[in-house]
2 protein chains.
Amino acid sequence: MRLNIAEVAKRAGVSTATVSRVLNNSPLVSRRTREKVLEVIKELGYVPNHVARSLRSKKTGLVATIIPYSADYVFNFPYFSIFIREVTKRLAEDGYHLLLTTEEPDDDPVRIYRTFLDRKIVDGFIILDLKENDERVKFLKDRMAKFVVVGRAKDCDDLPSVDTDNMSGAYKATSYLLDRGCRRVLFINGPKEHSVSIWRKEGYKAAYKKKGLKIEKSLILNGDFMETSGYELVKNFRGRFDAIFAASDLMAIGALKALKEMNRIVPVMGFDDIPQASMVTPTLSTIRQPIDRVGYEVADSIVSYLEKGEKISKVLDVELIIRESTEVD
Amino acid sequence: MRLNIAEVAKRAGVSTATVSRVLNNSPLVSRRTREKVLEVIKELGYVPNHVARSLRSKKTGLVATIIPYSADYVFNFPYFSIFIREVTKRLAEDGYHLLLTTEEPDDDPVRIYRTFLDRKIVDGFIILDLKENDERVKFLKDRMAKFVVVGRAKDCDDLPSVDTDNMSGAYKATSYLLDRGCRRVLFINGPKEHSVSIWRKEGYKAAYKKKGLKIEKSLILNGDFMETSGYELVKNFRGRFDAIFAASDLMAIGALKALKEMNRIVPVMGFDDIPQASMVTPTLSTIRQPIDRVGYEVADSIVSYLEKGEKISKVLDVELIIRESTEVD
DNA sequence: TTGTAGGCGTTATCAC
DNA sequence: GTGATAACGCCTACAA
């Protein structure tokens with residue numbers, strides 16, 4: 001025997017329309033009818049079929065996050081899992097679920113987005129790893145899709161977004177090093193086109209300006225957030241420097257390794273505050289990002305967008321954490 | 001204008017049935033008709049609606065993984081992300097997608113499973129963090145749900161499953177320490193009821209037996225896989241020991257910290273080979289688990305189950321990695 | 001080889 | 001307040 005709305009209706013001696021009304025808390029049902037229907041529902045253990053609802057309502061209750069294939073470091077970022085947990089938790093509060101998937105290599109970066117939109121698999125997207133002139137953003141805008149980005153690109157401030165205050169973070173980090181008397185802070189930034197890199201560079205520069213110091217462009221390098229790139233960039237750097245500020249803890253750790261091999265000691269500052277930061281030797285000074293709140297807020301934002309059409313954007317504060325790596329002398 | 005199968009049919013001058021046949025590669029379509037239909041499909045940019053298909057076929061193409069709330073360490077396990085990547089990659093090969101979510105705290109552990117089954121949101125499940133007499137397994141079996149477990153419980157060997165050879169791993173680790181002349185290997189196992197803990201304990205014991213040595217039960221402790229538990233267990237241990245084997249790298253790292261504070265040096269072996277293992281000081285000897293293959297195989301298994309009804313189980317080899325932490329003298 | 005038509009389970013629009 | 005009934009978009013007997 002099929003357990004559907006018709007069966008419930010039959011047993012309760014009402015029409016399917018009435019059952020549906022009860023299910024959707026419509027006020028257009030008398031108290032008595034509602035109670036009777038609820039009783040039957042409970043008795044039969046009836047639960048509405050989500051797919052049928054989706055077909056009717058044209059909403060699947062699914063939000064997709066697609067990890068760019070190039071963005072290995074997203075996965076290597078130990079806090080990624082906390083981010084995911086907070087996202088799914090917030091989504092569930094409104095009955096949404098997270099579809100998580102990865103891009104294929106050598107692939108059109110918007111292929112999966114197109115598939116999900118064409119086949120109407122998801123209601124919205126969360127975009128990670130934002131770049132300037134991001135193809136995905138362009139595509140989704142074009143298709144009038146609903147999405148929220150993590151990060152802020154300068155070319156799309158009309159988008160709902162959640163970001164940490166990368167500029168302020170880089171400013172704090174750099175200022176701290178300058179305050180300690182350092183003058184040539186080697187800045188190992190992330191990839192050039194990434195929105196976080198752009199903001200962090202601004203922060204770095206702002207700190208120099210504030211102190212009235214001249215910025216030396218050759219001190220600004222671009223890594224890929226991974227440990228090896230921090231290691232290599234320091235190892236191969238031919239100029240002078242008296243401190244290092246890396247745009248990720250992993251690169252900072254790589255930098256520390258390189259310094260050790262080169263038998264040099266200078267203050268080193270990271271960014272993120274991943275678990276390793278407090279476990280390596282020396283423990284790493286860094287900028288802590290509230291990754292859990294980023295997860296919560298981005299989920300909150302996409303839900304608001306989907307349910308109420310509200311485009312919410314937030315910038316979250318970051319915190320300077322001083323440990324051993326900057327306290328060398 | 002709605003773009004659906006009927007519209008395509010109209011434009012191609014055929015019936016919806018024919019279009020459907022073309023879409024599903026039925027041989028019951030003439031070459032000419034097929035080409036014509038495909039042409040129209042291309043021209044209109046028609047793509048079948050996934051939800052409508054799901055309703056008809058009673059398959060959503062979704063596989064759920066639900067992270068137990070208690071299993072924080074799953075998230076703290078840095079390789080979790082690699083696991084997810086491999087899972088989604090393999091699922092996508094057959095058109096499946098991953099629904100990832102977290103349990104709510106203080107909640108019936110099978111609540112989410114029930115919801116997903118009742119509402120028919122997903123086709124199958126991947127179960128992580130398996131325990132003996134696992135409630136979730138019991139529930140899903142009861143409901144005749146399709147699922148694959150990561151791990152092997154002794155009470156359910158009829159389930160499709162993927163596991164690493166935990167027993168062999170623990171055997172290798174313990175044997176290595178015994179071969180070095182250690183006799184009192186403090187074994188910091190995971191939580192008692194976890195299937196991995198049970199297998200690893202077997203391996204530990206087997207190594208002792210093989211050497212004809214007596215097993216000292218007081219040397220076997222239970223932690224929770226996290227760093228602090230390794231630290232505390234060692235710090236508070238009152239017996240004698242001349243080596244440590246921890247069932248996770250994180251606990252091994254905690255143990256190393258405790259030893260350092262206690263001014264003691266003994267060989268320490270971990271389990272997992274997480275990234276930190278090669279970054280801490282001293283670098284950590286450990287048992288490497290092929291987490292990427294676990295991801296691939298578990299996805300492969302659930303797809304085979306869903307598509308062909310085949311229950312596939314696999315046990316994957318692990319590898320002994322010797323670094324500095326065991327080479328102390 | 002192709003078409004007709006019913007049904008998957010729900011919701012929304014009408015009437016009553 | 002409540003009940004028929006027609007969609008939503010697709011697939012599949014069954015008939016032709």
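Just so it is clear, the values below take in all heavy atoms, side chains as well, and ignore hydrogens, waters and symmetry mates. Numbered from 1 within each chain, the chains take letters A, B, ... in sequence-line order.
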d(A/Leu100 CG, A/Ile84 CD1) to nearest 0.5 Å is 5.0 Å
Given atom OH of A/Tyr46 and atom C1' of C/dG9, what is their separation to the nearest angstrom? 7 Å
Does A/Arg53 have a side-chain nitrogen or oxygen under 4.0 Å from the phosphate oxygens OP1 or OP2 of C/dT11? yes
Would you mind checking if B/Glu39 and B/Lys42 are paired as a salt bridge, meaning a charged N to carboxylate O distance below 4.0 Å? no
Quick one: how far along DNA chain D does chain A reach, first to last nucleotide 5' to 3', anything under 4.0 Å to a heavy atom? D/dG1 to D/dG9
More than 12 non-hydrogen atoms from neighbouring residues, nucleotides or ligands closer than 6.0 Å to CD on A/Glu135, yes or no? no
Integer-rounded Å distance: C/dG9 P and B/Ile121 CD1: 16 Å
Name the atoms and distances for all side-chain donor-acceptor pairs under 3.5 Å in residues 12-28 of chain B, with sequence neighbours left out.
{"residue": "B/Ser15", "atom": "OG", "partner": "B/Ala17", "partner atom": "N", "Å": "3.3"}
{"residue": "B/Ser15", "atom": "OG", "partner": "B/Thr18", "partner atom": "N", "Å": "3.3"}
{"residue": "B/Ser15", "atom": "OG", "partner": "B/Thr18", "partner atom": "OG1", "Å": "3.3"}
{"residue": "B/Ser20", "atom": "OG", "partner": "B/Asn24", "partner atom": "ND2", "Å": "3.4"}
{"residue": "B/Asn24", "atom": "ND2", "partner": "B/Ser20", "partner atom": "O", "Å": "2.7"}
{"residue": "B/Ser26", "atom": "OG", "partner": "B/Leu28", "partner atom": "N", "Å": "3.0"}

Tell me whether A/Ser301 contacts the main-chain N or O of A/Ile312 through its side chain, where contact means a donor paired with an acceptor under 3.5 Å. yes
Note down the inter-axis angle between the two ends of the helix from C/dT1-D/dA16 to C/dC16-D/dG1, five pairs each, to the nearest 10°. 40°
Do any pairs count as a ring-ring contact (aromatic ring centres under 6.0 Å, His included) and have a residue in residues 124-148 of chain A, sequence neighbours left out, and if so which ones? A/Tyr113-A/Phe125
One pair to check against side-chain hydrogen bond (donor to acceptor under 3.5 Å, both in side chains): A/Ser30 and A/Thr33. What are the steps and the verdict? CA-CA 5 Å; A/Ser30 77; A/Thr33 315; 2.6 Å; yes
For B/Asp94 and B/Tyr96, indicate whether the former's side chain and the latter's backbone hold a donor-acceptor pair under 3.5 Å. no
Summarise how protein sits on nucleotides 2-8 of chain C as a single string, 5' to 3': B when a protein heavy atom is under 4.0 Å from the base, S for sugar-phosphate-only contact, - for no contact. BBBBBBB
Consider only side-chain N and O atoms of A/Thr60 and A/Ser54, and report whether a donor and an acceptor are under 3.5 Å apart. no
Scan residues 36-59 of chain A for pairs that pass ring-ring contact (aromatic ring centres under 6.0 Å, His included), counting only residues two or more places apart or in two chains. none
Quick one: on DNA chain C, does B/Pro27 or B/Lys120 contact a more 5' nucleotide (nearest heavy atom)? B/Pro27
